Structure formats: C-alpha cells, structure tokens
Amino acid sequence: MLRAGAPPPNSFTLAFTIKACAVVPALGEGQQLHSQAFRHGLEPSPYVQTGLLNLYARCEEVALARNVFDGMIEDKNLVAWSSMISGYSRLGMVNEALDLFREMQAAGVNPDEVTMVSVILACAKTGALDLGRWVHAFIDRKGIKLDLELSTALIDMYAKCGLIERARWVFDEMVERDTKAWSAMIVGLATHGLAEDALGLFSRMLQLKVRPNNVTFIGVLSACAHNGLVDDGRRYWSTMQKMGIKASLENYGCMVDLLCRSGLLDEAYSFVTDMPILPNSVIWRNLLVASKSSNRIDIVELASKKLFELEPQSSENYVLLSNLYASKSQWDRVRYMRKMMKDNNVTVVAGCSSVEINGHMHKFVVSDGSHPEIKEIRLVLREIADRVLRAGHKPWTEAVLHDVGEEEKEVALCEHSERLAIAYGLLKTKAPHVIRVVKNLRFCPDCHEVTKIISKSYDREIIVRDRVRFHRFIGGSCSCKDFW
DNA sequence: ATAGGGTTAG
C-alpha cells in the first residue's frame, strides 16, 4: 500500500485516507490503514481513532467500532460518542444506541445536532415512537437546533412511527428544504396512503424549483401504487425520464407494484421482461403474488425459478410458494416445497414483535422461551386466553402453516410474537398505560380483533402496528385492510 | 490542514 521510500504517514494523511475508506465504505483497506497506524505509532491520535471508529461503524462492524471506542482511555470526545451511537443506530440496535446516549450525558458530554440525528435514526428504524417523542422533547428542551439534517431525520422518524401529522408539522416548520427533506416528506405521505398530499407536495416542490431525484420518485410512484392511480403513475414515470433522472431498481419496482396492484398482470410481466436492468427478488416476488389468483402458470413458474436462483436460502420464498400451492389445493407441490426446504437446509425465520417499556425496546419471536420472565409472561397469556374466550371470541388465530404437527401448532398459536409482546406490556405497565407493539410482519385482521378485546378487558390502550406500512391496500395483490 | 448527521419499493 505504501511505496518503499515514500514519506511515512502522519496523523493528517492517515485520517484523510481512513475517512475515504469510511465513505466508500471499504473495510479491508481501512483495516490495512489501521495496522499502518499501529506501525507508525499514530494510534493515539484522536483524529485517527475517531476515523477508525467511524470506519467500523459505517461498515456495520459494531464490535470492532466498540473496540476502538473502549480503547480511547482519555476523555472520549463528542465525535467519538456520536460515531459509536450511529454505529448502533445503523444496525437498528436501539437499546444500545440509547444506553450509550444516556451514558454519554452521564459522562458530562453534551450532545449536538449530529448526535441527535443518530439517536432519532435508531427510533425510526425500530418504530420506537415513545422514545422518538421523548428524544424530540429532549432536543427542544436543550435548545438543539433543528437544522436540515435533524429535521429530515425527525420527519422520517414520525412518518415511520405512524405520526404523519407530526412529520408534516416538522416539515412545515423548516426554513430551508432540500431534495432529501422533500423526499422524506413525500415518501412518508405515500406510505400512509395519502396520495393526494404526496402528489400535491411534489408539484409544490417543482414550483419552488427544487430538483427531485430518484428517491423522490419512489415516493411519487408508490403513492400512485397505493391508491390505484395507474395513469398518473405512468405519467410520472415519463416525467421522470423527461427530467433526465435515471430510474433505479427501486423505481422499476414501484412501477411493477403499481401495475400488479391494479390487476394489470400482463403489462407488469412485459414491463419486467423489458427492463434494461436485472430485476431483483422483490420484483419477482411481487409478480408471483400478483399471479396467484390468475391462470398464468407460466408467470408463477418463471418468477419462482428466478426467486430460487436469486435467494436459494430465503425461507420466505418457500413459504410463499407453499402457501400459494396450498391455496390451490396442490398438496403434492406443497410437499415438494417442504422437501426442497429440507434438502437445501432452509429454516424458517420467525417474525418478531417489540414493545416499548420505560425507554427500552423488548423484542419477542414466536414461541421464544428464552426470556427471563417467560413464566410470568405465560401466566398472562393464559389469562388473556380466558378473557378473550369469555368475550365470545376464539383466542387464537388459525394457523397459516399447513402441515405442522398438532403440538407444534398449539405452541405456534399461543405464542404469536405480538401476543408475547402484549403480555409483557401488560405485565410491566399499569392501567391506563398505552402499550405500543411494533410488528415486523403484517398482522392479520383477526389479531386486530383480539387486540381490541384485550385492550378493553385490561383497560390499557394497546396499539399493534406494522413497522412501516400504513396505507390500506387496494387492487388484486393484497387484501389485508385492518392495520390499526 | 485533519473527526460524527438526513430521504430508497414490498
């Protein structure tokens, strides 16, 4: 790396090259620079250290980052704390991020705008609304300035946590807005199914001569897709080309989604086959789901073939196809999918739910017995079942899986991840507390119904929601309407 | 002369 006879690096040259590796990001090259720092005795330089810390954080190597962080024995500065927090946030490790944030203040270091962006990001990523709101209040209380980046992060956080009106409020308060700020707001409105607002905002953006980018168009196109605006969507697609914005894979994905939801399967199919770039698994999956209720066996076969080529290890695809065949009573094919899973050593990854309690996110997966308080949780679960039954409702939803054994089925039914999270929430809070559960996968209308009963019976407001989707589905590909 | 931050489909 370093030529013979070249002048030795100093803390300046090293810091710059490390930063270059961080922005790429290039882990291997960065690590070579790390050993150079050792060799030339430049390790103690705070600039080199924070550079390395940030490099590892951006490479999602949080353990390596932590190593550097812990090695900074002298006073850790604000930049080091912020970098470490952002490393946790990037990985969605919201508890670690917030614990560190608290630790930082205990150490007498005052956070600034940059620190707060990372903290807000962690809340956005995990859907931790109570925490997010607390962090926003903290920002106000400390008089931290809502600059362009922090405002954009707040808009995104509120939108992802379901408070679109708060997101709008932050947006309206901004004195200066760039493409990213507009995009965050437009995407947020689109996820909430507010097409009219999203598209209205987009035209205001154009009026004000702010140039949109491909992310802005993700918002615009998905707004159309969520609301069945096929013609508008097509028009915006050509607008995008006319503006000289190169469509990204995500933009193509939005168009496929638009056509699929509107029941235009043929058109979606030729759109995919005519794409100038290779479609990814999201696109093939969308097409597969859309062709579920059609007679287009050819599309089903091609899409599943592509899916298994692209993601042979993803259980999602096997389950999807297995359920598709089951819905058509093609049991031999269902069995074949099961066999394929076994042969390829694919295991089902369970969905998970989290619940916010006293500033921490507690995560649960289906049938997870590893929680230290699982005994108490199970007692609450039993009590819930009794109360729901007394209210005249079946306590558990029917299994979606088709050939699990009876015993296995019993467990799967009783210990839905969101049910565990609700039970824990009931255990840890007193009426009339709001229990907020975030589910990583979509939950079924039946769960919604049961949740209402639990809510009433325990005098607690219980909100179970999907992590990021807030719109109501329309069109042929999805039918789940009950989100809240 | 050096360091940490925001928008991305289903």
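Chain identifiers are assigned alphabetically (A, B, ...) following the order of the sequence lines, protein sequences preceding nucleic acid strands; residue numbering begins at 1 within each chain. All figures in this text were calculated on a predicted structure; none of them were measured in a lab.
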Partner set under ring pair (Phe, Tyr, Trp, His ring centres under 6.0 Å) for A:Tyr158, not counting sequence neighbours: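 In terms of ring pair (Phe, Tyr, Trp, His ring centres under 6.0 Å), with neighbours along the sequence ignored, A:Tyr158 is linked to A:His136.
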
Partner set under ring pair (Phe, Tyr, Trp, His ring centres under 6.0 Å) for A:Trp134, not counting sequence neighbours: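 In terms of ring pair (Phe, Tyr, Trp, His ring centres under 6.0 Å), with neighbours along the sequence ignored, A:Trp134 is linked to A:Phe138.
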
So if I take [range] and measure heavy-atom distances to DNA chain B, which residues fall below 4.0 Å?
range: residues 200-214 of chain A; answer: A:Asn213
range: residues 50-59 of chain A; answer: A:Thr50, A:Asn54, A:Arg58
range: residues 101-122 of chain A; answer: A:Asp112, A:Glu113, A:Val114, A:Thr115, A:Val117, A:Leu121

Applying side-chain contact (heavy atoms from CB on, under 4.5 Å), can you list everything that pairs with [X], at least two apart in sequence or on another chain?
X: A:Ser248; answer: A:Asn214, A:Glu250, A:Asn251
X: A:Glu196; answer: none
X: A:Asp112; answer: A:Leu78, A:Val114, A:Thr115

Qualifying residues under salt bridge (charged side-chain N to carboxylate O under 4.0 Å, His left out), relative to A:Lys142, sequence neighbours excluded: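 Applying salt bridge (charged side-chain N to carboxylate O under 4.0 Å, His left out) to A:Lys142 gives none.
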
A:Trp81 and A:Phe101 aromatic centres sub-6.0 Å: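 No.
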
Qualifying ring-ring contact (aromatic ring centres under 6.0 Å, His included) pairs, either residue in residues 105-133 of chain A, two or more places apart: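 Sorted result for residues 105-133 of chain A: empty, none.
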
Any pair counted as salt bridge (Lys or Arg N to Asp or Glu O under 4.0 Å), so long as it reaches residues 276-299 of chain A, sequence neighbours left out: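 Only A:Asp266-A:Arg296, A:Arg285-A:Glu311, A:Arg285-A:Glu316, A:Arg296-A:Asp298 qualify under salt bridge (Lys or Arg N to Asp or Glu O under 4.0 Å).
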
Sequence-distant partners of A:Thr17, side chain to side chain donor-acceptor pair (under 3.5 Å), two or more places apart: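 For A:Thr17, no residue satisfies side chain to side chain donor-acceptor pair (under 3.5 Å) once neighbours in sequence are set aside.
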
Base B:dG5 paired with A:Glu149 side chain (donor-acceptor, <3.5 Å):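 Indeed, a donor on one side and an acceptor on the other fall under 3.5 Å apart.
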
Aromatic-base stack, A:Trp81 on B:dG4, cutoff 5.5 Å, angle under 30: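 Check failed, A:Trp81 does not stack on base of B:dG4.
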
